[in-house]
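Residue numbering restarts at 1 for every chain, and letters A, B, ... go by the order of the sequence lines. Side chains are part of it too, since the values below use all heavy atoms of this structure and drop only hydrogens, waters and symmetry mates. Fair warning: this is a prediction, and the values are worked out from it, not measured in the lab.
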Amino acid sequence: MKRRPNLTIRFVAGTALFSVVLTCAAADGEQLLASRCAGCHNLTGPAPATLQALWDRKGPDLFYAGNKYKALWMQQWLQKPTRIRPAGMFYAAHIKPGPKSDEIDDATLDKHPALSPEDAKAVTAVLMQRKSGSDFVTAGAYTPGTISSSTGEMMFDKFRGCLACHEIEPGFGGLSGPEVYTAGARLQEDYLISYLRNPQAWDPKTFMPNKHLSDTDLQKLVHYLRLLSEESER
Amino acid sequence: MSAYRFPGAFVCGAALLWAMAVQAAEKPEDNYRTYCVQCHGLQGNGKGINVRDMSVQPRDHTDAEAMAARSDDDLFKVIKEGGVAINKSVLMPAWGDVLNDEEIRGLVAHLRKLCQCTYGSK
């Protein structure tokens with residue numbers, strides 16, 4: 001005779017399974033953030049006020065994500081994350097002396113967790129609601145315009161010295177800051193204007209210097225960042 | 001009565017200001033590691049991770065001869081206001097927005113340790 005679990009047990013197990021499935025499907029972005037992201041990302045602020053806190057930061061601050069990122073980019077990146085900061089959050093913790101110059105110690109850098117399409121959507125929706133720092137961004141601060149790639153590069157390198165820390169294409173430029181050839185796709189233009197004008201207003205201890213850029217320079221540099229992203233998407 | 005309270009408030013206020021000032025100043029070697037090492041290198045030899053594509057190479061802070069040619073005032077100025085302020089490269093940023101004067105003076109002293117030199121020595 002076949003052994004079958006009795007009906008009550010099957011019913012109880014079935015109901016339990018059903019409710020688990022239900023909870024997962026309904027798991028909202030906030031729950032995901034708390035369980036899977038809060039360990040590395042600051043979701044409430046404030047930004048690090050001491051060097052120790054800056055060094056200990058495990059991921060970019062996300063408490064002003066809604067003022068900073070483009071939602072479409074975020075949702076896609078969370079499903080297929082790629083490295084943005086060649087030397088991690090705090091470069092000095094991920095480098096070692098090499099024969100010619102200091103080198104990135106790849107073994108110390110981890111891959112970012114990837115999310116399912118549903119989770120990426122749910123998390124993006126709640127992150128985009130986090131809008132600290134609205135005082136520092138002016139809607140419409142950026143006026144769309146164009147710049148030639150050679151003029152843009154000249155500014156970024158020779159005139160303003162940004163290339164020292166940022167790559168403008170894979171394998172060309174500095175490594176302590178985030179790659180900027182994707183910045184136009186990742187970041188809101190009005191945020192870029194605000195951040196480039198005064199990085200310390202967002203992140204007081206950051207090692208991105210305030211380059212005291214004029215309004216014209218700010219606009220031109222954002223034209224250039226947008227151009228780089230268009231080129232790198234091609 | 002208020003005459004008794006005043007000194008108390010004053011002392012507390014002064015203590016608070018002092019505590020804030022203390023918190024604001026970081027150690028020179030910690031500031032160096034955070035802001036300078038990206039270009040000047042873990043060993044201060046001008047070989048940071050950023051140097052590969054830089055058109056002007058960062059100063060080697062262990063080069064006693066080159067460093068002895070700079071006065072402490074020049075060093076202070078270039079840290080605070082950037083390379084352009086002393087007719088050097090735009091690639092050397094101004095750090096006056098993240099470092100206060102006391103911290104910059106600390107860094108000048110730290111540089112003198114790295115080069116084991118003083119202005120005009122050698």
For B:Gln38 and A:Cys165, work out which heavy atoms get closest and say how close. OE1-SG, 4.0 Å
Identify which of A:Met208, A:His166, A:Lys100 forms the greatest number of heavy-atom pairs closer than 4.5 Å to chain B. A:Lys100
Is A:Phe172 atom CZ crowded by more than 12 heavy atoms from other residues, nucleotides or ligands, each under 6.0 Å away? yes
Would you compute the distance between atom OG of A:Ser101 and atom CD1 of B:Ile49 and round it to the nearest 0.5 angstrom? 9.0 Å
Whether B:Arg52 side chain and A:Gly171 backbone form a donor-acceptor pair below 3.5 Å: yes
Contacts of B:Asp30 that satisfy side chain to side chain contact (heavy atoms under 4.5 Å, CB included) - sequence neighbours left out: A:Leu51, A:Trp55, B:Lys27
Please state whether the side chain, the backbone, both or neither of B:Val37 comes within less than 4.5 Å of a heavy atom of chain A. both
Side chain, backbone, both or neither: which part of A:Phe90 has a heavy atom under 4.5 Å from chain B? side chain
Do any side-chain atoms of residues 90-99 of chain B form donor-acceptor pairs under 3.5 angstrom with protein atoms, and if so which ones, sequence neighbours left out?
from    : atom 1 : to       : atom 2 : distance (Å)
B:Asp97 : OD2    : A:His212 : NE2    : 2.8

Which value, rounded to the nearest 0.5 Å, describes the distance between A:Leu175 atom CG and B:Asn50 atom CG? 6.0 Å
OH/B:Tyr35 to NZ/A:Lys205 distance, rounded to the nearest 0.5 angstrom? 5.0 Å
Donor-acceptor pair, A:Tyr91 side chain versus B:Thr34 backbone, under 3.5 Å? yes
Which atoms of A:Glu103 approach chain B - backbone, side chain, both or neither, heavy atom under 4.5 Å: backbone
Is it the case that atom NZ in A:Lys70 sees more than 12 heavy atoms from other parts of the structure closer than 6.0 Å? yes
When rounded to the nearest 0.5 angstrom, what is the spacing between CD in B:Glu26 and CG in A:Leu54? 9.0 Å
Would you find a donor on one side and an acceptor on the other, under 3.5 Å apart, between the side chain of B:Asp53 and the backbone of A:Gly173? yes
Under 4.5 Å from a heavy atom of chain A, the part of B:Asn45 involved: neither
Other residues, nucleotides and ligands only: do more than 12 of their heavy atoms fall within 6.0 Å of CD on B:Gln57? yes
Checking heavy atoms, do the side chain of A:Pro97, its backbone, both or neither come under 4.5 Å from chain B? both
If I measure from the heavy atoms of chain B, does A:Ala92 come under 4.5 Å with its side chain, its backbone, both, or neither? both
Does A:Lys220, at its NZ atom, have more than 12 non-hydrogen atoms belonging to other residues, nucleotides or ligands within less than 6.0 Å? no
What pair of heavy atoms forms the shortest contact from A:Asp157 to B:Ser55, and how long is it? OD1-OG, 4.5 Å
